There are 2 protein chains.
Amino acid sequence: MVDDDVAALAETFRLLGDPNRLRIVLSCLDGPVGVGALADRVGLSQSLVSHHLRLLRATRLLKAGKAGRQVFYSLPDCHVRDMLTNLIDHMTEPHDHGTDAENDDDGRDDGEVRLR
Amino acid sequence: MVDDDVAALAETFRLLGDPNRLRIVLSCLDGPVGVGALADRVGLSQSLVSHHLRLLRATRLLKAGKAGRQVFYSLPDCHVRDMLTNLIDHMTEPHDHGTDAENDDDGRDDGEVRLR
DNA sequence: CGCATATATGAAGACGTGTTCATATGTGGT
DNA sequence: ACCACATATGAACACGTCTTCATATATGCG
């Protein structure tokens, strides 16, 4: 995987890393939503939503469709939806210590932050 | 989905949104890697890698296992890997614009009409 | 026990970015 | 045409955070 692909991938992740932007994407899971309705649902100003939508569109995390003077946004393909559900699964998953080749001798392998 | 879950989800995405951190995670795809080896592979200082690893550990994007005086990092479960492959698939997927030849790196309005 | 190795932590600065306000563009109705 | 509505854009600021440098902690070896 080339350096440039990693950057693009990171950029996509970065966009989803903002809570407001993520809420915008999640609000589009049910189907196409207009910009005004989006602003209402996530409780943000129309301007801010539009700014975010521009970025989400650029990375193709959302696609836009016009109908009259309204613009509806929705998910472009199933990968985005699958990825979201995957990460949600990951977070709701209970601590599972699965297959780790390297095991420490004292048996405490949890990634908890140690304070002195 | 509650507000707090969205924040946690966004935080996880945010961590993957940094190219260096993403490279660190990707470098762990093949199996457990020590911190020093990671720093070498991604070309970052040991200190910086450690800083990033702390965050990745906290969100359980990576898990740590000690072996002697070395600490090996690896993916905690398959969801992280699946999510990565999903988004990679999304990016490598051809854009469904048919014969449209607009430039793509600019967030321009694509004018596609798609209603529910 | 000291010393070298391996990783973690703390503080500070440079940089990016999310947000707001104001304004522009586009679209339909009367 | 004008006006009301819907969305997009631009500039500026406040804020976070990625990075570096220095140092601390932990572990194994002779």
Side-chain angles (χ1 to χ4, degrees), chain A residues 7 10-25 28 32-59 62-73 102 104-106 108-116, chain B residues 6-7 10-25 28 32-59 62-74 106-113 115:
Chain A
E11 171 68 7
T12 305
F13 277 126
R14 191 182 67 81
L15 292 187
L16 294 170
D18 180 70
N20 288 336
R21 243 166 356 220
L22 180 58
R23 256 187 292 267
I24 290 176
V25 173
C28 293
V33 195
V35 179
L38 266 176
D40 271 0
R41 261 152 99 167
V42 299
L44 299 175
S45 77
Q46 176 270 317
S47 174
L48 182 51
V49 171
S50 193
H51 275 296
H52 285 321
L53 285 174
R54 184 219 258 273
L55 300 174
L56 293 170
R57 224 171 31 197
T59 338
L62 289 181
K63 73 172 177 182
K66 294 170 67 177
R69 51 182 163 179
Q70 289 205 66
V71 179
F72 291 89
Y73 284 85
E102 325 286 338
D104 48 354
D105 36 342
D106 73 343
R108 224 172 274 267
D109 53 4
D110 191 288
E112 193 159 349
V113 181
R114 292 265 295 268
L115 299 179
R116 40 179 154 184
Chain B
V6 177
E11 171 68 6
T12 305
F13 277 126
R14 193 183 66 80
L15 291 186
L16 293 169
D18 180 70
N20 287 336
R21 246 169 351 224
L22 180 59
R23 255 187 292 266
I24 289 176
V25 173
C28 293
V33 195
V35 179
L38 266 176
D40 271 0
R41 261 151 98 166
V42 298
L44 299 176
S45 76
Q46 176 269 319
S47 173
L48 183 52
V49 171
S50 192
H51 276 296
H52 285 320
L53 284 175
R54 184 219 258 273
L55 300 174
L56 293 170
R57 223 171 30 195
T59 338
L62 289 181
K63 73 172 177 182
K66 294 171 67 178
R69 52 184 163 178
Q70 288 205 67
V71 179
F72 290 88
Y73 285 85
S74 56
D106 189 356
R108 219 149 244 219
D109 154 40
D110 56 7
E112 182 180 317
V113 180
L115 295 180

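Chain letters run A, B, ... following the sequence lines, proteins first, then strands; residues in each count from 1. Heavy atoms only: backbone and side chains are in, while hydrogens, waters and symmetry mates are out. Everything quoted here is computed from the prediction, not taken from an experiment.
B/Q70 places its CD atom 13 Å from the C1' atom of D/dA26, with the value rounded to the nearest Å. We find that CG of A/L53 is positioned 13 Å from C1' of D/dT9, with the value rounded to whole Å. Rounded to an integer number of Å, the gap from NZ of A/K66 to C1' of D/dC5 is 14 Å. B/R14 places its CZ atom 17 Å from the P atom of D/dC15, with the value rounded to the nearest Å. Across the protein-nucleic acid pair, B/L56 atom CG and D/dT17 atom P stand 14 Å apart, rounded to whole Å. Remark: P of D/dG16 and CZ of B/R21 are 16 Å apart, rounded to the nearest angstrom. Rounded to whole Å, atom P of C/dG18 lies 11 Å from atom CD1 of A/I24. Note: CG (B/L15) to P (D/dG16) measures 16 Å, nearest angstrom.
In this model, no side-chain donor or acceptor of A/S45 finds a partner on the base of C/dC21 within 3.5 Å.
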B/C28 and B/L56: CA distance, side-chain angles, deciding distance, side-chain contact (heavy atoms from CB on, under 4.5 Å) verdict: CA-CA 12 Å; B/C28 293; B/L56 293 170; over 6 Å; no

Could you walk me through whether A/L15 and A/L22 pass the side-chain contact (heavy atoms from CB on, under 4.5 Å) check? CA-CA 8 Å; A/L15 292 187; A/L22 180 58; over 6 Å; no

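To the nearest 0.5 Å, the span separating CG on A/L16 from CZ on A/R21 amounts to 8.5 Å. Taken to the nearest 0.5 Å, the CZ atom of B/R14 stands 10.0 Å off from the CG atom of A/D18.
Annotation: of the two residues near DNA chain D, B/Q46 and B/H51, the 5′-most nearest-nucleotide partner is B/H51. Comparing A/E11 and A/L48 along DNA chain C, the residue whose closest nucleotide (by nearest heavy atom) sits nearer the 5' end is A/E11.
When the nucleotides C/dG18, C/dT9, D/dT9 are ranked by their closest atom to the side chain of A/L55, C/dG18 comes out on top. Side chain of A/R69, nearest nucleotide from D/dT9, D/dA4, C/dT9: D/dA4. For A/D18, taking side-chain heavy atoms from C-beta onward, the closest of the listed nucleotides C/dG18, D/dT7, C/dT7 is C/dG18. Among the nucleotides D/dG10, D/dT7, C/dA8, the one closest to any side-chain atom of A/S47 is D/dG10.
Within the 4.0 Å cut-off from OP1 or OP2 of D/dG10, at least one side-chain nitrogen or oxygen of A/R54 is found. Residue A/Y73 places at least one side-chain N or O closer than 4.0 Å to OP1 or OP2 of D/dA8. For A/N20 and C/dT19, the shortest distance from a side-chain N or O to OP1 or OP2 is below 4.0 Å.
Under the side-chain contact (heavy atoms from CB on, under 4.5 Å) rule, B/I24 has a single partner from B/L48, B/L53, B/V33, which is B/L53.
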